[in-house]
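Taking it in order: structure first as structure tokens, then the write-up.
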Amino acid sequence: MSEHVLFLVLGLGTGAIYALLGLGLVMEHRSSGVVNFAHGAIATVIAYVFVELRSTGDLVLPWVGFSNRISLSNEGLALGPAIAVASLYAAVLGLVIYVVVFRPLRAAPALAKVVASVGLMLVLQSFVVIAFGTSAKSTSAVLPDEPVELFGQVVPRDRLWLAAVAVCAAALLWALFRYTRFGLATRAAAESEKGATLLGYSSTRIAAANWVLASMLAGVAGVLLAPITSLTPLQYSLLVVPALGVALVGRFRSFSLTALAAFALGMAQSEITKIQADHDWFPKYGVKEGLPFLVILVAMAAFGRSLPERGEAADTRPPATARPGSPLAPAVLGTSVALIALIVLQGSYRGALIQSLVAALLCLSLVVLTGYVGQISLAQMTFAGLSGLTLSRLALDVGVPFPLSMLLASLVAVAAGLLLGLPALRVRGVQLAVITIAAAVAVEQFVFANPDLNGGFTGAKVPPPSLFGLDLNIRSPRIDEYPRVAFGVFVLVVLVVVAIGVTNLRRNATGRRMLAVRANERAAAAAGIDVRATKLLAFGLSAFIAGIAGAIIGYQRGLVSAESFGVFASLTLLAFAYVGGIGRVSGAIAGGVLIAAGGLVPVALDRWLALGRYEVLLSGLGLVAIAIAHPDGVATAFDRPTRAVRGWWQRSTTRFAVARSAPPVRTHAARPPLQAPAEGPLLSVRSLSVSFGGINALDDIDLVVEHGSFVGLIGPNGAGKTTFVDAVSGYVRPVRGTIGFADGCIDRLRPHVRARRGLARTFQGVELFDDLTVVENVLVAAEPVRWWTSAADVVRHRPGRLDDALWALDIVGMRRSADLEPSALSHGQRKLVGIARAVASRPKLVLLDEPAAGLDTHESRTLGTHLRSLVAEGIGVLLIDHDMGLVLGACDEIWVLDFGRVLAHGSPDTIRADRAVIDAYLGDAHQEGAAAPGAPAATTADRR
Amino acid sequence: MSTVVSLRGASAGYDGTAVVRHVDLHVDEGEVVALLGPNGAGKTTTLLTISGMLRPLGGEVTVLGRPVAGTPPFRIARRGVAHVPEDRSLFSDLTARENLLLGRRRKRARSIDAVLHHFPQLERVLASRAGLLSGGEQQMLAVGRALVSNPKVLIVDEMSLGLAPIVVERLMPVLREIAADRGTGVLFVEQHVHLALQVADRGYVMSHGEIVLEGPARDLAARADLMAASYLGDALMPAAGPFDIGTGSNGSRPHASSGERTGEGRIA
């Protein structure tokens with residue numbers, strides 16, 4: 001028992017460090033939405049500065065090369081002044097980091113911030129290496145460290161002090177955010193900078209103050225940890241991983257939960273060390289580092305929701321993707337250039353080119369997952385490593401020949417990818433990124449660091465590939481032939497095949513579905529897209545590509561070693577891919593050739609400029625600079641010239657040019673009716689009740705919609721109209737009641753299944769998929785999904801169901817805008833496209849949530865006409881709107897809700913005259929004879 | 001009565017391209033002014049320029065007697081300008097009460113209870129996250145948050161967006177009350193033309209980035225024909241010159257596209 005106390009107290013100290021770092025991460029995220037992977041590196045810098053102050057009295061300023069040392073004292077500085085100077089240093093460092101790096105990125109995609117923080121981490125780490133060296137440093141105690149007896153066990157007193165400091169910090173921050181206007185304003189400004197500014201808050205100052213505090217907390221962690229462990233640059237920076245984990249348990253929001261999780265993690269890890277020492281049967285590798293992350297993973301998956309809630313903020317600006325185009329010309333051109341380069345280049349340059357090709361392949365795995373579907377993964381190298389290790393086993397132990405061994409090994413990566421895809425079904429954005437990093441650490445420790453699995457000291461050997469007698473080995477008996485061209489060609493072929501597949505994906509239905517999920521999961525589900533399946537498909541496909549790359553890395557090196565596949569490799573890979581342009585295939589190539597470490601251009605630069613030890617520093621600076629200057633990736637810089645060339649090459653032969661050139665004919669008149677009106681009501685809702693936190697939003701609603709009818713649903717604000725639509729379309733779960741739709745009960749169906757059954761809906765806000773053109777937005781909903789279509793989509797371009805999409809656009813009069821991007825449309829036009837998307841699958845019923853809100857008088861009238869033509873097509877319409885001119889004028893039948901109950905039901909005239917409705921909702925303006933608001937009193941213009 | 005908002009020959013837009021050109025507009029203390037016009041006319045751009053969110057591209061924009069150019073928008077807000085933007089910019093993760101509390105930044109701020117008097121419906125949702133409120137409740141919260149700061153200038157974009165007719169009917173007079181009781185200058189954009197002109201003292205009608213019609217609200221309401229013309233755009237504009245009622249009294253001021261199509265009118 002007593003020894004357990006000792007280990008728990010030791011764990012308390014580690015937990016305190018995690019807590020201090022985690023609290024800072026929470027502050028940084030709450031104030032500016034940044035998950036700062038450089039937070040551990042900030043602690044490292046401050047710790048080194050502190051140790052240097054104590055030992056030599058020199059203050060080392062945060063730059064390299066010239067006069068970066070100021071002597072404050074001839075011998076070491078006393079403890080108090082050293083702490084004061086280090087704190088001030090931390091504060092200034094935090095301020096500078098915010099002002100220079102993260103303030104310019106405040107409106108950038110979340111990924112750009114992740115990349116900038118990775119760049120910053122590289123910069124700070126290499127600064128430490130250059131300024132202080134790599135040898136371990138130590139310093140004298142900061143906190144009282146004489147032993148104290150606790151439960152009969154002598155334990156170091158400083159761990160208790162450390163814990164006290166962390167607890168105080170957590171309590172102070174909690175109070176600051178709970179009770180002060182500063183805390184409230186921080187939360188507010190993080191969510192809506194515009195809102196805070198319009199209320200008189202300077203979001204810049206608020207965020208800067210938070211960064212100063214967070215950086216000082218990191219400094220405190222660094223200074224307090226320095227005497228306890230020896231100080232090395234990498235080890236310290238790695239502390240950010242457990243700190244991220246505990247911040248994630250606190251959902252980057254709760255200080256108390258973060259601190260609690262930190263202590264629990266620290267103590268659990270310490271206790272595992274003890275158990276490992278005591279019991280032989282206990283696994284020696286990975287449990288300490290890996291197990292806590294598995295717990296986090298499970299906890300997070302349990303917290304999450306399968307679709308975001310109404311009003312839940314999404315990343316409003318995901319990175320740009322390319323417009324779909326044929327991959328043929330770029331593939332021929334790119335392959336020729338690469339082939340010539342492989343032959344012409346020699347030695348290390350050829351090696352660098354091959355490295356670039358491999359890196360491009362890895363970047364492509366991120367294009368599918370992060371670029372197309374918006375899922376941030378920091379475990380790509382883990383997939384690659386798993387595949388590499390499996391390849392080694394398959395080839396050596398089982399004797400599976402190439403290329404079967406490579407494909408089978410990649411399937412293991414696919415399994416890992418699908419497993420990691422599971423939490424992604426419920427967790428999103430940077431939180432998912434942290435989960436993937438946790439998983440990466442777990443695998444790294446369980447598998448890669450385990451000598452039983454990793455081939456031990458020599459690494460896991462991989463025999464060279466050969467195909468039908470063709471030797472694809474990278475090595476040659478003649479040293480001057482290394483690396484062999486044959487191997488380069490092999491890698492190039494794989495890259496070209498994968499690149500064409502990924503390009504085809506974007507051009508086809510699967511790619512459109514992926515982009516839709518990325519843009520808006522709720523709206524995607526409403527368009528009949530299975531969000532879960534789409535995410536899992538992306539994880540599987542991405543892991544497969546990464547797995548192929550992992551196998552190639554094995555062939556390239558002849559063995560698989562743990563270092564190549566660690567967490568930091570995955571982090572930098574994401575940065576390279578992002579900076580290249582993560583939303584497009586050309587970006588992956590750019591990332592591989594221009595940016596990836598060991599790639600062609602970096603190696604050439606290193607050779608020519610003799611960067612030496614400054615290489616990492618400069619590449620880190622480069623990452624930060626590019627993330628700020630080109631938040632959508634460097635590949636976007638080539639967009640305009642590429643588009644010009646493409647336009648000249650194949651003017652007006654693009655797939656959807658038909659949409660623009662064809663006359664806006666109304667085809668719907670010629671179409672047969674959608675379905676024969678069946679017996680019985682189309683939608684019948686019985687005793688439907690929904691409650692949020694004890695408040696009844698809907699209370700025992702009975703409502704019926706007949707086939708092909710035009711029904712209005714009106715009621716005061718907060719009456720439950722949108723909740724009704726959410727419940728019927730499957731977005732909220734009712735506490736009671738049944739929903740019958742077209743002869744079936746749909747109570748238990750997921751939203752996308754309801755959509756596919758013919759129950760479409762729109763959203764109050766215009767929720768178009770901004771990365772898809774207008775016609776693609778509509779196509780996405782028009783296309784039926786079959787399991788084999790995704791496979792076919794990778795292989796070749798398959799025209800979508802353009803007819804249905806154009807028909808839907810015709811109905812709302814938007815055919816002329818088919819090839820435009822949604823951003824080019826007016827608010828009213830966007831609403832119309834939203835309606836077109838909802839009806840493109842030719843549903844039986846469409847639920848329209850305030851389609852006229854924000855439209856001007858003229859637009860609102862046009863909308864009424866379009867809705868009428870929907871009904872003429874046999875599509876039932878349930879219309880929610882406050883534009884009484886529209887609702888009372890167009891609907892056949894109206895239901896009125898108030899306080900979650902049906903207040904009235906009847907024809908427009910009945911409703912207009914209903915006293916209860918007038919009192920609760922209509923007011924006096926809509927009684928017979930009163931002018932309808934929303935319309936100028938007269939409509940004919942005076943032409944004189 | 002002093003002028004709280006004044007635009008003289010103001011141009012504004014995005015990325016250096018003017019969307020709004022040569023606008024003359026003013027709001028006096030205690031006055032309610034409606035800014036009307038079809039979607040895309042430049043109303044929102046004009047409002048954003050007044051609250052400093054957009055830098056004017058030309059002309060003079062002064063608020064509370066001081067030019068807005070070069071002043072960060074949060075400082076303009078602190079001077080007493082409350083702007084309810086079209087997207088409401090609520091803090092959806094914060095509760096309704098916290099949203100209101102954030103409005104109480106200024107020394108002369110009003111109590112939350114005083115504002116709830118205008119929006120009794122908000123009382124039962126004060127503890128809910130703003131993001132979970134219904135569209136109409138969110139709009140009330142956004143206006144309420146602006147009122148808490150007890151502003152000298154209140155700017156509301158699309159006031160009735162998503163609101164039930166009866167709430168619109170009740171909300172519009174609130175603008176009147178604020179102006180009458182507290183001397184606040186109110187400038188609001190509204191699609192419900194009829195109601196807007198019942199509440200406003202004066203009105204401006206914008207079309208294609210220019211002010212094409214202005215005058216006392218009562219007179220504008222009486223000339224629905226001209227109003228409709230400006231809504232339906234150039235196609236139905238009078239074929240030549242300024243409107244026949246009240247001449248273009250500011251005819252001497254610079255105008256980007258003066259001439260035949262410019263239906264600039266001032267109703268005397």
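Every chain is numbered from 1, with letters handed out A, B, ... down the list of sequences. Note that the structure is a prediction, hence the values are computed from the model and not measured.
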Shortest non-hydrogen contact from [X] toward [Y]:
X: L199(A); Y: A77(B); answer: C-CB, 4.0 Å
X: E191(A); Y: F91(B); answer: OE2-C, 3.2 Å
X: I166(B); Y: A920(A); answer: CG2-O, 3.5 Å
X: F74(B); Y: Y201(A); answer: CB-O, 3.5 Å
X: T197(A); Y: M53(B); answer: CG2-SD, 4.1 Å

[X], part contacting chain A, at a heavy-atom distance under 4.5 Å:
X: E190(B); result: neither
X: L101(B); result: both
X: V81(B); result: backbone
X: L161(B); result: side chain

Leading residue by heavy atom contact count with chain B [cutoff under 4.5 Å; candidates [options]]:
options: A852(A), A196(A), P716(A), A719(A); value: A196(A)
options: D849(A), D919(A), L184(A); value: L184(A)
options: E850(A), E859(A), R181(A); value: R181(A)

Tell me, with the steps shown, if N39(B) and S826(A) meet side chain to side chain contact (heavy atoms under 4.5 Å, CB included). CA-CA 8 Å; N39(B) 273 342; S826(A) 74; 5.9 Å; no
Picking from [options], which has the most non-hydrogen pairs under 4.5 angstrom with chain A?
options: P151(B), S89(B), S149(B); answer: S89(B)
options: H83(B), Q139(B), R79(B), M140(B); answer: H83(B)
options: G40(B), S51(B), A82(B), P85(B); answer: P85(B)
options: E86(B), R124(B), E158(B); answer: R124(B)
options: G52(B), P72(B), S160(B), P73(B); answer: P73(B)

Working to the nearest 0.5 Å, report the span between [atom1] of [X] and [atom2] of [Y].
X: L198(A); Y: L48(B); atom1: CG; atom2: CG; result: 8.0 Å
X: E98(B); Y: R187(A); atom1: CD; atom2: CZ; result: 4.0 Å
X: T722(A); Y: L133(B); atom1: OG1; atom2: CG; result: 12.0 Å
X: S192(A); Y: D93(B); atom1: OG; atom2: CG; result: 11.5 Å

Close side-chain approach of P165(B) and H882(A), heavy atoms under 4.5 Å: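 Heavy-atom side-chain distance check passes, below 4.5 Å.
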Are side-chain heavy atoms of K194(A) and D87(B) found at a separation under 4.5 Å?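 They are in contact (side-chain heavy atoms under 4.5 Å apart), so the answer is yes.
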So does G195(A) get a backbone contact from the side chain of R88(B), meaning a donor-acceptor N/O pair under 3.5 Å?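 Side chain of R88(B) to backbone of G195(A), a donor-acceptor pair under 3.5 Å: no, none is there.
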State whether the number of non-hydrogen atoms from other residues, nucleotides or ligands found under 6.0 Å of R97(B) atom CZ is greater than 12.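 Count not over threshold, so no.
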